[in-house]
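Structure first, commentary second.
Atom set for the values below is all heavy atoms of this structure, side chains included, hydrogens, waters and symmetry mates excluded. Bear in mind the structure is a predicted one, so any value in this text is a computation, not a measurement.
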Amino acid sequence: MAFFTHQVTRSLSSTAVRNAAIKHVTVIGGGLMGSGIAQVAATTGHSVVLVDTSEDILKKSTKGIEGSLRRVVKKKFADKPEAGEEFVQKVLKNISTSTDAASVVQKTDLVVEAIVENLKVKQDLFSTLDKVAPQHTIFTSNTSSLPIADIGSSTNRLDRFGGLHFFNPVPMMKLVEVIQAPGTSQQTFDALLDFTKALGKHPVSCKDTPGFIVNRLLVPYLMEAVRLFEKGHGSKEDIDVAMKLGAGYPMGPFELLDYVGLDTSKFIIDGWCEMEPDNPLFSPSPLVNKLVAEGKLGKKSGEGFYKYK
């Protein structure tokens with residue numbers, strides 16, 4: 001009887017996902033990624049609640065969103081300032097803020113988590129939200145490196161749990177990786193694809209493997225560039241120039257590592273190495289480890305492979 005009840009409940013929840021368009025979105029995390037996701041969702045007519053731990057963070061997030069919108073207005077409404085102002089106010093009206101995630105998710109269709117890349121922190125968050133969110137609500141993570149299935153394992157809605165990996169800066173980058181974990185239902189996955197298209201983005205379908213598509217190709221490339229440098233096979237300057245002029249890349253690997261943050265890259269590669277220790281593509285870099293230990297994290301700290309002060 002318990003099995004039958006579970007099957008009926010799952011069927012009903014999947015039907016709800018299939019029949020309900022995503023209108024109300026909760027974005028958890030008011031950093032650059034979360035704010036960008038909130039902005040794009042609000043711009044495309046969704047009702048958005050941006051959640052973080054303090055009002056100060058949320059004020060900064062809202063200010064950042066308004067500044068981003070005004071930069072859009074300068075380009076798109078250069079000759080129509082009144083229309084531009086109307087556009088800004090219309091988008092901002094679609095965004096509200098809160099420090100109480102558990103309360104907010106009781107009336108949402110979709111949760112997009114964009115908080116710190118820490119598995120336990122994410123699991124604890126979703127475990128709490130799972131107890132209060134409606135049955136039809138879809139949970140997603142914007143993680144760039146952690147397995148979606150591992151994050152979702154703290155909930156009882158694996159069929160309504162997936163990944164939405166946006167790219168920075170979110171308002172400008174067209175790509176979104178839509179991740180289908182082993183437990184993600186086809187109805188949920190289709191709903192996430194539709195939502196991504198509704199945002200004006202281009203979705204690509206991904207399985208729940210380390211790094212999905214972009215980072216799975218990008219991070220080993222970056223680490224191999226570091227290994228070339230570590231072995232004395234090329235200077236960082238020449239490697240950067242070679243990839244820009246020879247491969248047509250807008251940034252060289254060392255410039256990109258500094259832009260992304262060496263601590264972020266180290267975190268990703270360390271996590272993958274732990275999952276697949278025998279995979280040579282996932283070997284950590286002694287040089288990257290040394291720079292991170294010295295606090296040289298890239299642009300955000302003023303120095304990484306290059307100096308920015």
Residue pair K122 / S141: nearest heavy atoms and the distance that separates them: NZ-OG, 4.0 Å
F87 side chain near V72 side chain, heavy-atom distance below 4.5 Å: yes
Contacts of type side chain to side chain contact (heavy atoms under 4.5 Å, CB included), residue A198, not counting sequence neighbours: H46
Pairs meeting criterion salt bridge (charged side-chain N to carboxylate O under 4.0 Å, His left out) with involvement of residues 186-211, two or more places apart: none
Parallel, tilted or perpendicular: rings of F139 and F161 (30°, 60°): perpendicular
Beyond-backbone contact of L256 with L218, side-chain heavy atoms, under 4.5 angstrom: yes
Sequence-distant partners of Y306, ring pair (Phe, Tyr, Trp, His ring centres under 6.0 Å), two or more places apart: none
Side chains of L69 and T43 in contact at under 4.5 Å (non-hydrogen atoms): yes
Single-linkage hydrophobic cluster V104~I37, side-chain heavy atoms < 4.5 angstrom: no
Check: I179 and L192 side chains under 4.5 Å, non-hydrogen atoms: no
Inter-residue atom distance I28.CD1 - T53.OG1, 0.5 Å rounding: 11.5 Å
Test item: T108 side-chain N/O and V111 main-chain N/O as donor-acceptor pair under 3.5 Å: no
Common cluster, L164/V48, ILVMFWY with side-chain heavy-atom separation under 4.5 Å: yes
S35 side chain vs G30 backbone, donor-acceptor pair below 3.5 Å: yes
Heavy-atom closest pair, residues V73 and G84: CG2-O, 3.5 Å
Distance-minimising heavy-atom pair for R157 and T137: NH1-O, 2.8 Å
Residues forming a side chain to side chain contact (heavy atoms under 4.5 Å, CB included) with A225, sequence neighbours excluded: I239, P253, F254
Donor-acceptor pair, side chain of T44 and main chain of L199, under 3.5 angstrom: no
Side-chain (S283) to main-chain (P280) donor-acceptor, under 3.5 angstrom: yes
Main-chain N/O of K120 paired to N118 side chain as donor or acceptor, under 3.5 Å: yes
Side-chain heavy atoms of I151 within contact of L119, under 4.5 Å: yes
Heavy-atom side-chain contact between Q180 and Q186 under 4.5 Å: yes
Pairs flagged by salt bridge (charged side-chain N to carboxylate O under 4.0 Å, His left out) wherever residues 216-225 is involved - sequence neighbours left out: E224-R227
Side-chain touch V51/V27, heavy atoms, less than 4.5 angstrom: no
D79, CG atom: more than 12 neighbouring heavy atoms under 6.0 Å: no
Selection residues 66-76 - residue pairs positive for side-chain hydrogen bond (donor to acceptor under 3.5 Å, both in side chains), sequence neighbours left out: Q39-S68, E66-R70, R70-E85
W272 side, atom CH2; T209 side, atom OG1 - distance, nearest 0.5 Å: 9.0 Å
Pairwise distance CD(E86) to NZ(K93) - rounded to 0.5 angstrom: 10.5 Å
Min side-chain heavy-atom separation P284-N289 under 4.5 Å: yes
Gap separating the OG atom of S144 from the CD1 atom of I268, nearest 0.5 angstrom: 4.0 Å
Heavy-atom closest contact (A191 atom, I22 atom, distance): O-CD1, 4.1 Å
Other ILVMFWY residues reachable from L32 by side-chain steps of under 4.5 Å: none
side-chain contact (heavy atoms from CB on, under 4.5 Å) between V292 and L297, worked out: CA-CA 6 Å; V292 171; L297 310 181; 4.1 Å; yes
K296 NZ to K290 NZ distance, which is reported to the nearest 0.5 Å: 6.0 Å
Chi angles and distances behind the side-chain contact (heavy atoms from CB on, under 4.5 Å) call for F195, D109: CA-CA 11 Å; F195 172 69; D109 301 318; over 6 Å; no
Under 3.5 Å: donor-acceptor pair, side chain of D258, backbone of F305: yes
S154: side chain to side chain contact (heavy atoms under 4.5 Å, CB included) partners, not counting sequence neighbours: Q123, F126, S127
Trace of the side-chain contact (heavy atoms from CB on, under 4.5 Å) decision for V49 with S96: CA-CA 5 Å; V49 182; S96 58; 3.4 Å; yes
Verify same cluster id: L92, V40 (apolar side-chain graph, 4.5 Å): yes
Over all atoms of both residues, closest heavy-atom pair of N94 and A42: ND2-O, 3.0 Å
Pairs meeting criterion salt bridge (charged side-chain N to carboxylate O under 4.0 Å, His left out) with involvement of residues 229-246, two or more places apart: K244-E255
Shared hydrophobic cluster for Y249 and L257 (ILVMFWY, side-chain gaps under 4.5 Å): yes
Hydrophobic cluster identity match, M223 and Y259, side-chain contacts under 4.5 Å: yes
Derivation of the side-chain contact (heavy atoms from CB on, under 4.5 Å) call for I269 and S285: CA-CA 9 Å; I269 207 70; S285 160; over 6 Å; no
Reported CG-to-CD distance for the pair L262 and E303, which is rounded to 0.5 angstrom: 10.0 Å
Lys/Arg-Asp/Glu bridge criterion (N-O < 4.0 Å) met for K60, D56: no
Distance-minimising heavy-atom pair for F267 and S145: CE2-OG, 3.8 Å
For residues 165-175, which side-chain N or O atoms pair as donor and acceptor with protein atoms under 3.5 Å away, sequence neighbours left out?
from	atom 1	to	atom 2	distance (Å)
H165	ND1	E177	OE1	2.8
K174	NZ	G200	O	2.5

Co-members of the apolar cluster containing L245 [side chain, <4.5 Å]: V241
Side chain to side chain contact (heavy atoms under 4.5 Å, CB included) partners of T99, counting only residues at least two apart: E55, L58
